[in-house]
Structure formats: structure tokens, C-alpha cells
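This report concerns only the one structure given below.
From a predicted model like this one, the values you see are computed outputs, not experimental measurements. Proteins come first, then strands; the chains are lettered A, B, ... in the order of their sequence lines, and each starts at number 1.
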Amino acid sequence: MKHKLFVASQKLLKGARRFAFIGLPALLLALVLVPLWQLGVRAPRLPQLSPAKLVYQVATEQRIAGAPLQYTGPANCAECHSAQYATWQRGKHATVSCEACHGAARPHISDGASLSANPSREACGACHDQLDTRPPGFRQVSLAQHYSHSTCTACHPAHDPTRAASRPTPTPQGATTPVPTSEPTPQTSSTPLPQPTPSASATPSAPPRLGPPIPHPLAGDCLSCHAPEGVLPLSGQHSGRTDGECLTCHLQGGE
Amino acid sequence: MNVSRRKFLGMAAKVMVGGIIVYGVTPSVLEAIARDKTPQASSPNDGKQKHQWVFVVDVSKCIGCMKCLEACKRENLVPPDPDSRRTWVEEYTAGEDGAALGHTANWGSDGPERTGPSAEHQEPAGTKGFFVPKLCNQCEDPPCVPVCPVSATFQTEDGIVLVDAKRCIGCKYCIMACPYGARYLHNGTRTVDKCTWCYHRITKGLPPACVEVCPVEARLFGDLNDPESPVRKLLKEKMTQVLRPETGTKPRVRYLGLQEGVR
């Protein structure tokens, strides 16, 4: 009696023989075709990364992208500091972000943390101190030599460094010093004189005596620094003088 | 056990088909899932459009004020010590023949060296040297990525190379592999950290922190896919260079006005 298993194996063998004729070629064909299909259709994307890795990387990307910000940009300051913002915007420091000088402002805005407003000479010197390695086109001064007795902001307001600090309010004596006047200062219209050299009109007419030359090349807004509360106040005889007049008696010159 | 031939063949066929399905389809499905999510991470607004971020450094403008280092450390919680830095500024001082000689070893974290104008120097400032800001180049072929044994560092679809601090084991292979010295070991976490071009800012449409605070536009950032981007126009008009092109890493930080000898 043949064992059942033997019978089965015989059948199987028989089947295998048939398989060799139909099944095997089919299988071989599949073996060739499937990898070809893999290569041609999908291979360019397969070798990148294993899929499991991609999934965890997405989570990492999202985690890193969600980190909190510290620097917010100047636009976010305008709402509460409109005056400083306006001054800054029209001045030479408009390319310098508020936070470059004041530090990261996110904690200031969201939690009310205080910001530093460092007026020290060194703070300005971080950018302006004269260095051999700085590009020559960038305005620099020697921190050790440039008006070393005073803080920079006394003469250069931080937010608009070339413009006057607060305009001197009309000084007691000299009537009303009008708003910064331009050269001619024509009163009550009348004859259009050919470019009148700054008149001595408003001031007691005394023979114009030349004063010391201006030792610095800065033009305009003279009174922002030479008014009574400025860095170099004028003597009494100047009372009532306006910016437009200075150059009649003071010549540009000297070092 | 009595298995008919028909049944056997049927089973074999099923196994084969099943195998093909598992082998051929699963990765693509997983990949599709992953891909579905990726755009959300990189660009919240539009599903498909990839960014082509680019960073431009104008060497001729840098004044070495080091505001960028300060901002980077603050923005990315980089430890204060000078060896920990995602970005840094090298100060090159020109030699006799005008060639770039060397640079400060302190990565600029103490500020520039105070080499003020001396009486005998008649040249204007700047002829004696220059500053070179540096940061991760986000190479197209980053040599730091394949060396990671735990796949903690990888490239996003937008080409930013990130480090997963949770996976990093601090082996420092990637630090060795980077030709630019852009990676460092964070002494708090003991994992490797690097510049991400402020990934958390640029994915929200904000400039990197160092670009935000640069007072002289020596650092510029933009997306080449944005037709309005000033950087796009700039790159069309001007010739730029990259650091160490010979390494073949295809760095994506473009330099303007890079002198001979800067590496």
C-alpha cells in the first residue's frame, strides 16, 4: 500500500512536469518583467530614502519649523512707537533694523519684557568705529578721537543721526526764531532782490565781523548743536540768529 | 495533506501576486503618505510649489559689526561660547602683496580685532582687509548627510539640511565631513547643531535672523521661485562665486566680491 503522501507527491511531480511547460515560462516572464517594471516606472523614486525614514523626517521638519521666533522686524514696532518709527524711517539709519540696536523684541512685544536702549559710544562704535578692515565707503569715525568727551547721541540722535536732536525752541530774547528758515528769509514780500546775501535785517546792523571758521563740514541745522542747550552753545551776541545767516560770518574751513 | 495541483498553483499564484503587491506597491503608498505631508511642513500656503531658497553674501559690504552672530545665537538658542556658532564672520587681513592672509580664530564672537587706522597708513580704511560672513551652504550634494550612521541628518525637499537632535548620537562624523566647518557640537545637548537658514522663519516667509539685523545688506535672502525677489534679479545681473567649488558639493550660498584666497 502506497503511502498517501507518496501518492500526493507523485501527483505533484506530474503537475510539476506540466508546470515546466506552461507555468515556468510564465514565472520566468514575470521575474523578468516585474523588475523591469520596477526599474522603468518606479526606480527613479525608489532609491531616495526608505519610506519609514521619510515619515519621521516630516515630523522633524515640522518640529523645527515650529520653533518660536525672537526677531520680529521693524513693521511690528510702528504700532506702539509711531514717533520713533517715523523718525527712523526718514533718517540715515532706516536700513538698520530696530532690533539690530535694541535686540530681539519678541519677548518685549508678547510679554512686555523691557528692551535695552544703549546710548554708549561703544554701542555706536560696533558699526562706526574706524577699522582697517571696514569697507572705505562706510562712514566711520575714530571712537578715540571723534568728540570723545560726549556720548554720540548728544549730537547724532540715534534714530536719525544726521538730523538735529530736538529743534531748539524759540529762545527767550530774540523774538521768535522761526522754524528752520532757508537762506533768503524774505519778510513782507516786496522787491525781488537778486539773491540777497543773508541780510542782517532782523539783527542789530553792526559791521559784519568774521567769526572763526567752521571746523567741520556739516552744513545746515547749525542751531541743533549750537543753540543754548546744544553741545557747543553760542555766546550772547548770537541771540536771534538763524541757520541761514551763519555762513555770512563763518567760512567753511580748517580741519 | 492532500493538495490538488489546481489548489497548489492557485496558492502559488496568490503568493506571487501578493508578493508583487507588497514589494511593488507598499513603498509607493508610504511614500505617497509622506509626500502628502511634506508640502505642509515646507510651504503652508501652496501645496505644490517648492521653494528655491538662495542666500547671497556681499563681502564688499560687510562692516564686521557682528550683529548677525548676536541675532543667530539669540534666535536659535546657540550657546554663548565662541566655539558654538551656526554662523560666523572671518576677518581677513591683507598681506604685503594684497592677498588674503589669514583670519581671526575666534569666529568673530569677540567682535572684530581692533586694528584702527595708524598714522603711517595713508590708504583709506578697507584696503587692509575685509570680512567674510560664513554659514551653512545647504549644499545640493551635502557630504555630511550620507555619513550619518543613524540618519539623524537629512535634506528637506526644499534643500535645507537639518539635524534631528532626538536621533543624533553626537558621533561627529558629519562635523568631519563638512568642508566648510559649518557644524558644531552643542555643549548642552551633546548633539550636532548647524545653521538651518532659520528654517522656522523662512517657512513662514520671514528672512533669517542674521539677514533681518544686517545693517548694510551684506546678507541677502530670497526665493528664486518668487519673480519679485530682489535676490533673483541680483543673481541675474551679477557674477557670484561659491566657496570651495572644487569639492563638488554644489553649495547654495552665493558670494559677491569674494577675493582670491578666501576658502
Given that the side chain runs from C-beta out, which part of [X] has a heavy atom under 4.5 Å from chain A: side chain, backbone, both or neither?
| X | result |
| --- | --- |
| B:Val216 | side chain |
| B:Ala209 | side chain |
| B:Cys68 | neither |
| B:Lys166 | both |
| B:Cys62 | backbone |

- At a heavy-atom separation under 4.5 Å, does A:Pro68 approach chain B through its side chain, its backbone, both, or neither?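 Just its backbone gets close to chain B.
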- Message: Is A:Tyr71 in contact with chain B via its backbone, its side chain, both, or neither, using a 4.5 Å heavy-atom distance?
- Response: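 A:Tyr71 touches chain B through backbone and side-chain heavy atoms alike.
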- Message: Looking only at heavy atoms and a cut-off of under 4.5 Å, which of B:Glu75, B:Glu70, B:Arg74 has the most pairs with chain A?
- Response: B:Glu75
- Would you mind telling me which of B:Val163, B:Leu162, B:Leu77, B:Asn76 has the largest number of heavy-atom pairs within less than 4.5 Å of chain A? B:Leu162
- Query: What orientation do A:His156 and A:His146 show, parallel under 30°, tilted 30 to 60°, or perpendicular over 60°?
  - Reply: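 Answer is parallel, since the angle falls under 30°.
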Is the closest side-chain heavy-atom distance between [X] and [Y] below 4.5 Å?
| X | Y | result |
| --- | --- | --- |
| B:His200 | B:Cys198 | yes |
| A:His102 | A:His108 | no |
| A:Thr95 | B:Glu217 | no |
| A:Pro161 | A:His93 | yes |

- Is the ring centre of A:His128 less than 6.0 Å from the ring centre of A:Phe138? yes
- Query: What residues form a salt bridge (Lys or Arg N to Asp or Glu O under 4.0 Å) with A:Arg63, not counting sequence neighbours?
  - Reply: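 Salt bridge (Lys or Arg N to Asp or Glu O under 4.0 Å) check on A:Arg63 returns B:Asp164.
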